[in-house]
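Following: one structure in structure tokens, then a few remarks.
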Amino acid sequence: MAKITKLDDIVSLCKRRGFIFQSSEIYGGLASCYDYGPLGVELKNNVKKAWWKSIVQMRDDVVGLDCSILMHPMVWKSSGHADKFADLIAECKKCNTRTRVDHLQDKPQKDSIPPSPDEVTELTRELASSPAAQHTEHVSIDAAMAKAHDLSGKLCPNCGADGKFTEPMPFKLMFETQMGANVDDSKTMHLRPETAQGIFANFRNVLDTTRVKLPFGITQIGKSFRNEVTTKAFIFRTREFEQAELEFFCEPGTDEHWYEHWKDARFNWYTELGLKKENLRFRDHDPDELAHYAKACVDVEYRFPLGSGDWQELEGIANRTDFDLRQHQRGIRTLNKWFENNRDLTGIELSDEAEDYLSGPLSYFDDEKKQRYIPYVIEPSAGIDRSALAFLVDAYDEEEVRGETRNLLRFVPALAPVKVAIFPLVKKEGMPEVAKNIYNDLKKYFNCFYDEKGAIGRRYRRQDEAGTPFCLTVDGQTLEDTTVTVRDRDSMDQVRVSTDQLLNHLREKLDL
Ligand code: ATP
């Protein structure tokens, strides 16, 4: 029976095999920041390639962009992030830890007897890994502040103290930085908290420079930054992360059809890349969870091995109506106010919509209907790091082979960091030369790895752990009949393949 994967197994394999390291480790590490090592960067690039292939390359109705991380401050005013992208937090008066108010949990009812230190440790561990502590829905500060919060029966997830909290306060999630060398014209800017706004801001540019016609989408992959209150769980929730987002624009009235289309397409993408169906599900947002402008929203959730095995968001898919384009039309109308206010966002309100907003600068002219309107948008928004973690978790396996534990990553070929490893059985009798020649030929087509050090069994195990689908070994027989053994990672079966058939054989098996 397959073993239940724990996050610790993944963290330790990632470190041991150079997938993912703690950032700045030589200085003691920087919390919640991670670096992708030699195997990790290949995995992550493969996840991004797989997104691009399915969303751009294989479709005729989506184009790509790569926007800058720093954007005009008015972008964040129009999108609502400048005013609303915050969490409501309270600080524990005992240990000074800040926790999101919506993550605080009630103390257990049976608590008339004070918990023992061991029980506190266990309780706080459970609280920290509970779905509530992991799940983030960023709230509108105004709405959250308007609500009364009684924290007297709540427990601190860090030290277990009950009811000892400061008044709730907003905590802004966007990172600030300064732009410009001169004091006079230096401006406060924000690192983007999502990639989507770059797409909306370029909607007109794409319309004017390409032949796209509705329905069509624009996608980009890139870094986003959020000063999250709670991080934890390895690369699941970090402050710097990569997103892949698609804004699919369509005629109002066709939005429900496209919403269903993208739900199917995105679910299938994960399963085609190896995630087991039983570990993946949709979770519809409840009506009170939906943003006021969204018509529908669903999370694609994966059963991550966090805490007791929780379902967690991998990707959100939303019907955002025409909200974003209309907001940016209001933003364009507000620009003068911003200049007049000394280019300061605080204290300015977005201008009202023009009466003829349907034919505004971000509207679309429908040639067939001879009509202008603001398109609706369906937004699949995925996390590249979070997907990479899900692919690692799902691919991880341990099995007993002749009394020894074999760790392996059963990646589908498209995601495997290395596709083929090439070994000479021994480092003599001309085997390394033949193996090197094969390696030099094959690396033109796939990511290959050459290794001649150590016992052959150890070399196989190392590649199993890296998720390499095939290992080729040059042995004594190769020198006689020019065949090599091709070992399959999953079954460990070996077949002999003639060197002149190798490329075709591997292409077929790898489906690349
Ligand atoms: P969550 O509820 O998990 O915080 P969210 O609903 O705020 O996510 P979105 O704004 O919808 O997330 O972002 C889209 C995707 O980006 C998420 O589904 C997730 O995969 C990824 N993502 C968001 N925040 C983070 C983060 N702090 N670290 C890693 N990935 C993230």
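Sequential numbering from 1 along the given sequence is applied to the chain's residues. If you're wondering where the values come from, they're calculated on a predicted model, not measured in any experiment. First listed ligand is number 1; within each ligand, the first listed atom is number 1.
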Q.
Testing the 3.5 Å rule here: is there a donor-acceptor pair between the side chains of E245 and S381?
A. yes
**Q.** N or O pair under 3.5 Å between Q243 and ligand 1
**A.** yes
Q. Does a donor on one side chain sit under 3.5 Å from an acceptor on the other, for R330 and Q327?
A. yes
Q: Run the contact test for E194 against ligand 1 with a 4.0 Å cut-off on heavy atoms, strictly below, and give the result.
A: no
Q: May I ask you to identify, for R226, whether its side chain, its backbone, both or neither come under 4.0 Å of ligand 1 on a heavy-atom basis?
A: side chain
Q.
Can you see whether D464 engages N407 through a side-chain donor-acceptor pair at a distance of less than 3.5 angstrom?
A. no
**Q.** Listed partners of S152 passing side-chain hydrogen bond (donor to acceptor under 3.5 Å, both in side chains), at least two apart
**A.** D150
Q. Any idea which part of R386 is under 4.0 Å from ligand 1, heavy-atom wise: side chain, backbone, both or neither?
A. side chain
Q. Between I235 and ligand 1, does any nitrogen or oxygen pair lie at a separation below 3.5 Å?
A. no
Q) In terms of side-chain heavy atoms, does Q197 have a donor or acceptor partner in H328 at a distance below 3.5 Å? A) yes
Q) Can you check whether G383 has an N/O within less than 3.5 Å of an N/O in ligand 1? A) yes
**Q.** Under 4.0 Å to a heavy atom of E315 - the qualifying atoms of ligand 1, by number
**A.** 18 (O)
(Q) Could you tell me, atom by atom, which parts of ligand 1 come under 4.0 Å of a heavy atom of E228? (A) 24 (N), 26 (C), 27 (N)
Q) Considering only heavy atoms, which of F85, F241, Y302 lies nearest to atom 22 (N) of ligand 1? A) F241
Q) In terms of ring plane angle, is the pair F234 and Y34 parallel, tilted or perpendicular, where the classes change at 30° and 60°? A) perpendicular
Q.
Between S224 and Q243, do the side chains contain a donor N or O and an acceptor N or O under 3.5 Å apart?
A. yes
Q) Atoms of ligand 1 less than 4.0 Å from F236 heavy atoms? A) 28 (N), 29 (C), 30 (N)
(Q) My understanding is that only residues two or more places apart in sequence, or in another chain, count here; which of them pass salt bridge (Lys or Arg N to Asp or Glu O under 4.0 Å) with D8? (A) none
**Q.** Min heavy-atom dist D385 to ligand 1 below 4.0 Å
**A.** no
